[in-house]
2 protein chains.
Amino acid sequence: MPKVFVTDTTLRDGSHSVGHKFDLDDIKEICKGLDEAKVDIIEVGHGDGLTGSTCNYGFSKYDDFEMLEAASSVIKNSKLATLLLPGIGTVEDLKKAKECGVEVVRIATHVTEADISQQHITEAKKMGFFVVGFLMMAHRANVDKVLEEAKKMESYGADVVYATDSAGAMLPNDVRNKIGTLVKELKIPIGFHSHDNLGLAIGNSIAAIEAGATYLDGSLGGLGAGAGNTPTEMLVAVLNRLKIEHNVDMFKTMDVSSKKLIPIVKKYGVNLNNLEDSMMLGYSGVYSSFMLHAKRAAARFNVDYRDIILELGRREAVGGQEDWIVEIAEQLENK
Amino acid sequence: MPKVFVTDTTLRDGSHSVGHKFDLDDIKEICKGLDEAKVDIIEVGHGDGLTGSTCNYGFSKYDDFEMLEAASSVIKNSKLATLLLPGIGTVEDLKKAKECGVEVVRIATHVTEADISQQHITEAKKMGFFVVGFLMMAHRANVDKVLEEAKKMESYGADVVYATDSAGAMLPNDVRNKIGTLVKELKIPIGFHSHDNLGLAIGNSIAAIEAGATYLDGSLGGLGAGAGNTPTEMLVAVLNRLKIEHNVDMFKTMDVSSKKLIPIVKKYGVNLNNLEDSMMLGYSGVYSSFMLHAKRAAARFNVDYRDIILELGRREAVGGQEDWIVEIAEQLENK
């Protein structure tokens, strides 16, 4: 299967969860972590897109352009992205975003209203942006309509078109059908953005990848309005398990999620679950009874407990083989 | 697709999350709710099965038989089940479980060790139990081996055989392959039990159903060790959306989860997320901006907010049509 590119939207879609109140220092911390993890694209800004900070959508703590400048100041590897909803953000805002160091702009419309993206996509292309067309509420139109609207965005010059499951309402078959059709009928790469309302953020992302999508969205720990998005670290784990080529370092996405994001959102009263331990078990296929012993041995030998779990998985450990743990920790220490 | 039967394991697999410390009153409350929701099978007992309450596996607050009697005393529609791991539980324990009103016994072994279930399955059948063979850690064997072991359980007299993803390690293709093969090669129905370590509890359950599985497990709110199980209420929602025949009332599973289980586990320090709101949005395909208004209107007209959301979904509401909400609430009130 072709290479997949990961966009992290913790600091845009995820900002709904903290009332768009991320501090500039929070933004820098998270961007630095995502950048070190080699996430391809990092989306930053108000949850409802450029200049969404209004009475209608809720005020963000900082101006979008301040947030984008903060992000840009620490990003070395990734591309900085922002979202724009025609009707809220303007072409003027795009120019200002460009000056802040934004390289990717995602232009979002309701799935039946691609027409209103023409001017913004055309102008964004002229300004040298990498332009992503974002068809929201993709469950609300049948496959023919989704195709028709996606083709419009392609004709305006979009570099990628996404089917966006804004309400977390799609089932895997619907995803396969729509993404598969777009992949077949369009010349540009196709993306998928998921929400977890029916517990299908990851399941649908896999369905999209199997149908040929090559741009996938996530947010750290799944941070996002309501049920949240696809957890970025889990998406990367699944890409690894599917042996699909990508650029992202799984352990580093876990680190920025558990060590940076979780303490940050706690300040805003959000208790984000730490997915790391249970993910490591599922990723390695190791039963949970090994976890506590692996962590103890890791502390004793000053190694990463995750490397112990990975090795237990490689050895196909089953219950009763906990004595392997110290042996593995010792070997890792002497490496 | 054929009818699906739902087993809820909140009070068995979920009991890992509360250190096997459910009170008898808790058990009665949950069983009553699940029974009213017409869940087919309710599994109760120590997380590691009959007489698992030991120094090795952690002591439960009550004896399995006390728990089973408490459950049995309130169940009217559902079948009461318990788990037995050969080597822990004995044939004597099965007799005692029978006297407590247990109708279904699930005999669990590691995926490569079905041999050790022969005596227990044979004896359980003689006692008149409905017997489920449970092949744990099904990711650890290839499809031929899983088939060989499942056939053993079938030959011993099992009424159903499950592939059990104990570590939440399986990907949808693996599920499709293994479940599809068992469905094709065995005469008895095939079941699937999921864990959410890689965010695939629901995605894999759908893959299993599409491959022909007709017995599916869940636990309320996904309560379970580590990443937990498939949330029962979400499984039912997905069955509805897939238009698959089943016996369970979705709203009632939500009620027992949010109104009974969440307060109960809070006593044990477990903060279980309430999935209801975000599930309702995904289920109906309605954007989250409608939720607050729907709840306000529901309170004003004394109707169930979920019925408002369902009707908004039927009308294919998109942002900007919030004025429909009061109209719908009024109509529901006058019904």
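Quick caveat, the model's predicted, so the values are computed rather than measured.
- Taking 4.5 Å as the heavy-atom cut-off, the residues of residues 232-244 of chain A that approach chain B are A/Met234, A/Ala237, A/Val238, A/Arg241, A/Leu242, ordered by number.
- The candidate with the highest count of non-hydrogen atom pairs below 4.5 Å against chain B, out of A/Ile206, A/Thr230, A/Asp165, A/Asn204, is A/Ile206.
- Judged purely by atom type and a 3.5 angstrom limit, B/Arg140 uses its side chain to pair as donor or acceptor with the backbone of A/Gly285.
- Looking at A/Val286, the atoms closer than 4.5 Å to chain B (heavy atoms on both sides) sit in the backbone and in the side chain alike.
- Across all their heavy atoms, A/Asn197 and B/Leu281 have their closest contact at ND2-CB, 3.8 Å.
- When heavy atoms are compared at a cutoff of 4.5 Å, A/Met137 approaches chain B solely by way of its side chain, counted from C-beta outward.
- Of all the listed residues (B/Ala169, B/Gly203, B/Gly168, B/Ser284), the one sharing the greatest number of non-hydrogen pairs under 4.5 Å with chain A is B/Ala169.
- Side-chain atoms of B/Glu210 and A/Asn173, non-hydrogen and from C-beta on, do get closer than 4.5 Å to each other.
- Using a 4.5 Å cut-off on side-chain heavy atoms (C-beta onward), A/Asn273 and B/Asn273 make contact.
- Using a 4.5 Å cut-off between heavy atoms, A/His110 touches chain B through its side chain atoms alone.
- Options A/Ile202, A/Leu171, A/Leu198 differ in how many heavy-atom pairs under 4.5 Å they form with chain B, and the most are formed by A/Leu198.
- By number of non-hydrogen pairs under 4.5 angstrom with chain A, the leading residue of B/Met291, B/Met279, B/His16, B/His195 is B/Met279.
- Residue with the most contacts toward chain A among B/Ser288, B/Ala201, B/Ala227, B/Ala207: B/Ala227 (heavy-atom pairs, distance under 4.5 Å).
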